[in-house]
Amino acid sequence: MDVIDPTRRKVLAHGASLSLLTLVAAAGWLETSPVRAAAWNAAAFDAHSMDDTVKALHGSTPVASKDVTFVATPDIAENGAVVPVTVVSAVPKTESIAILVEKNPNMLAAVFDIPAGTDPSITTRVKMAQTSNVYALVKADGKYYVASKEIKVTLGGCGG
Amino acid sequence: MPDPMKIRANQLGDATEVKVLMSHEMETGQRKDAQGKVIPAWFIQSVDVTCAGKTVLTAQWGTAVSKNPFLSFRFKGGNKGDKVVITWVDNRGEKRTDEATVA
Amino acid sequence: MARFSTAAVVAALLVFLPGAPQAQAQASDTAAQIQEYRDALADGNPAELWDARGEVMWKEARGPKKVSLAQCDLGMGAGVVKNAYAHLPRYFADTGRVMDLETRLIHCMTTLQGISDADAHKILFGGPGKRSDVEALAAYVTSQSQGAVMDVSLADPHVRRMYALGEKIFFYRGGSHDFACATCHGEENKRIRLQDLPDLTTKSGAQKAYTTWPAYRVSQGELRTMQWRLNDCFRQQRFPDLVFGSPASIALTTYLAYNANGAVYAGPGLKR
Amino acid sequence: MKYVSKGTLAFAVAALAIAGCATTRDDASLHADTVAMLKASFKPQGQARMDRLDQDETQRVCSDYFGKPLPASVTSRVEQSNLESIKWPADGAYLGDWKAGEKIAQEGRGKQYSDDPKGPVGGNCYACHQLSPKEISYGTIGPSLYRFGKLRGYTDATRKYAYGKVYNADAYFSCSNMPRFGTHGILTEKQIKDVVALLMDPASPVNQ
């Protein structure tokens, strides 16, 4: 993915894949998934706002928390195609950690369910279409907590 | 057949650290090819990690996880010699399972 | 922020948010932040996926002749992969040519495995849905030189001549933009946009650059070899298309590899 | 690959003939062999045809002296011939629209074989220069141009200099790293005026 291509940016803004995902979901392949985890939450991944995402996750409005932090997550991404993110939750009884990118066509990037015994700390890499706030949404003991960090996506390369 | 994952599982004190690289396009469904046709979304949707048969992490992913995904986390209760088994399933229903021994 | 409907949450977040973004980040801050980004990616280089695939391909019986590359001579004897990359390019008497890793790999695929020249050249640079065998094999072979000291010899007159030609090409200005390799890679501490440019005319610059290729290119999601690096530099130089394995590509690689002598090979690397 | 091996064979022969001779970058036979090697090593692609490898006098001289001090006679010859190639605007006006200039400064596409020949062509100024302080992703191959007009004064002479410099940098500084945007037809007269406005308009973000 070449995030600096302006034509692509336009495409991203339209969020054209929604209908496709919906169609695929309707085709019923979700049920055939052999993974034990809950079926893929199409509504949450299609959501365009934090409110809609939380609603689709059957959650409540999150409160800002200093116990949710970004570690080893840079302020600037040299390339938006790969942005390293580490989220650490110090909220007791953390059950899940989600990563959302505000200005992506669909906000939700990933949700991790944290069973007892697993550290509430996740490192992964996400795509960012442009400079944006990144949110870490934590579910702990049934409640939702959120933290945010702005990550700048820079233009690079010599050929445009 | 998708390519194998590259899994590392190391015992660090009482915690087991898992690092995994997966080979996947993670196509967003928002890009167009040279002819202007939308390239359909193709991405890993679920990831499931067990150690010695016990689930230590599950995840649901969207198209915004980077191509050739990387994931790292730690859990307690693992021991050297345990098998860490990771399975991913993508939106085409393709899946891949690989394992590594905790070292 | 406007996406939160609950005013209280917005207020709470505003209090919590670490200050408004600086309109004008200091240049040194920017460099430090970019370094932070690169450090965060250093752990878990997807190049390992190519390395793993390449190792299987090296050992697997393939091609019309159904043989592995176990007899492929990368210059250190049949089948010797360990540290081979640290001594390439070199002169090969069996072909009468100076060859780099990629051209030698294709030579082995065609001569040992019976793969046609056309097939071996079909996918030189991988992309979505098309994987390059050469890139995977190069990832494997180069990973087997990790820790080796770069030691390219100019003792052979063919290699020496290639070095001289490579140097000349490095400084050759042309095209619609008057660019030579040296335009961007002939001075220390320069950058394009935010990307640091190695000064390839100095020992330290050449060492740092050469020992980190092949590399996983984050911007492409692909592993790329030196042949690709040169090809894409010339594209951006506004030159025509550098032919894979062409004499100029070998000459330039010889120039860069020799200049990197003495450095510890550390690839495959990870780049923007 | 027949194409490659044919070329390489010729070079193997050349190498044998010259083996042992000291070679410098100025060596005449080395130059001839370099040109031949380049022609055997590239293929035309998209808008980048093989004539891109043909050097004009300035490119030839500047390649030979890359990284070395230029003799005064060469400097004046290069600068004189390049100054003569500048086509000044017929209307005598140098200032266009700085907003369009900013777009041109950001645009990196143009003239690459991978670029659409009908697509946008930019100056890609930010690749090498700091301009507007709002853009933090700028290169350092060229000097910072932040406050270009403010520092030099908004005079007609400076506007003319800026136009000429973008049109043909070698006219003012022989063997500059900067592309000769006007002489090579990379940017149009209007585009160059827009870039001059980015540098010289008091309202441009560059001068804030």
Side-chain angles (χ1 to χ4, degrees), chain A residues 1-2 5 7-8 11-18 20-21 24-25 29-30 32-42 44-46 81-84 86 96-101 104-129, chain B residues 12 14-22 25-32 36-51 54-78 86-95 97:
Chain A
M1 112 167 195
D2 191 359
D5 181 350
T7 51
R8 188 186 123 66
V11 176
L12 271 174
H14 287 128
S17 77
L18 287 182
L20 182 92
L21 286 180
V24 176
W29 50 266
L30 280 174
T32 64
S33 163
V35 167
R36 275 163 282 163
W40 192 71
N41 192 330
F45 284 99
D46 282 356
V82 179
V83 183
T86 296
S96 79
I97 295 174
I99 299 168
L100 297 87
V101 181
N104 275 4
N106 309 104
M107 276 182 84
L108 183 60
V111 192
F112 299 88
D113 287 324
I114 316 283
T118 293
D119 288 359
S121 167
I122 291 289
T123 298
T124 189
R125 296 166 183 171
V126 299
K127 298 170 198 164
M128 292 179 65
Chain B
L12 308 168
D14 67 341
T16 309
E17 183 180 60
V18 177
K19 290 180 181 175
V20 55
L21 280 163
M22 305 170 187
E25 285 297 330
M26 301 301 288
E27 191 63 62
T28 59
Q30 320 233 355
R31 290 198 315 147
K32 288 180 181 174
K37 269 178 59 184
V38 172
I39 303 167
W42 180 31
F43 60 103
I44 293 174
Q45 288 192 316
S46 59
V47 180
D48 182 51
V49 188
T50 64
C51 177
K54 176 180 172 278
T55 294
V56 290
L57 191 77
T58 58
Q60 290 189 30
W61 287 355
T63 53
V65 171
S66 301
K67 179 175 177 177
N68 297 319
F70 173 73
L71 168 65
S72 167
F73 68 101
R74 291 178 181 199
F75 62 89
K76 304 219 168 47
I86 306 182
T87 297
W88 59 250
V89 182
D90 70 20
N91 67 325
R92 291 182 184 172
E94 266 190 305
K95 68 178 255 185
T97 300

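Residue numbers start from 1 in every chain, and the chains themselves are labelled A, B, ... in the order their sequence lines are given, proteins ahead of strands. All values below come from the heavy atoms of this structure, side chains included, with hydrogens, waters and symmetry mates left out.
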Worksheet item: Do A:Ile114 and B:Leu57 have side chains that get closer than 4.5 Å, going by heavy atoms?
Response: yes
Discussion item. Tell me the closest heavy-atom pair linking B:Thr28 and A:Lys127, and the distance in Å.
Written reply: CG2-NZ, 3.5 Å
Response to the item:
Taken to the nearest 0.5 Å, the spacing of A:Asp113 CG from B:Thr55 OG1 works out to 10.5 Å
Response to the item:
Closest non-hydrogen atoms of A:Asp119 and B:Lys76, given as atom of the first, atom of the second and distance, are OD1-NZ, 2.8 Å
Fill in: Closest contact, heavy atoms only, B:Ala59 versus A:Phe112
CB-CD2, 3.4 Å
Worksheet entry | Gap separating the CG atom of B:Asn68 from the CZ atom of A:Arg125, nearest 0.5 angstrom | 10.0 Å
Worksheet entry | A:Ala81 backbone acceptor or donor facing B:Ser66 side chain under 3.5 Å | yes
Discussion item. So for A:Ala116, is it side chain, backbone, both, or neither that comes closer than 4.5 Å to the heavy atoms of chain B?
Written reply: backbone
Fill in: Flag, side chain of A:Trp40 to backbone of B:Trp61, donor-acceptor distance under 3.5 Å
yes
Worksheet item: In Å and rounded to the nearest 0.5 Å, what is the CD to CG distance from B:Gln30 to A:Asn104?
Response: 8.5 Å
Practice prompt. Without swapping roles, check the side chain of A:Thr124 against the backbone of B:Phe70 for a donor-acceptor pair under 3.5 Å.
Written response: yes
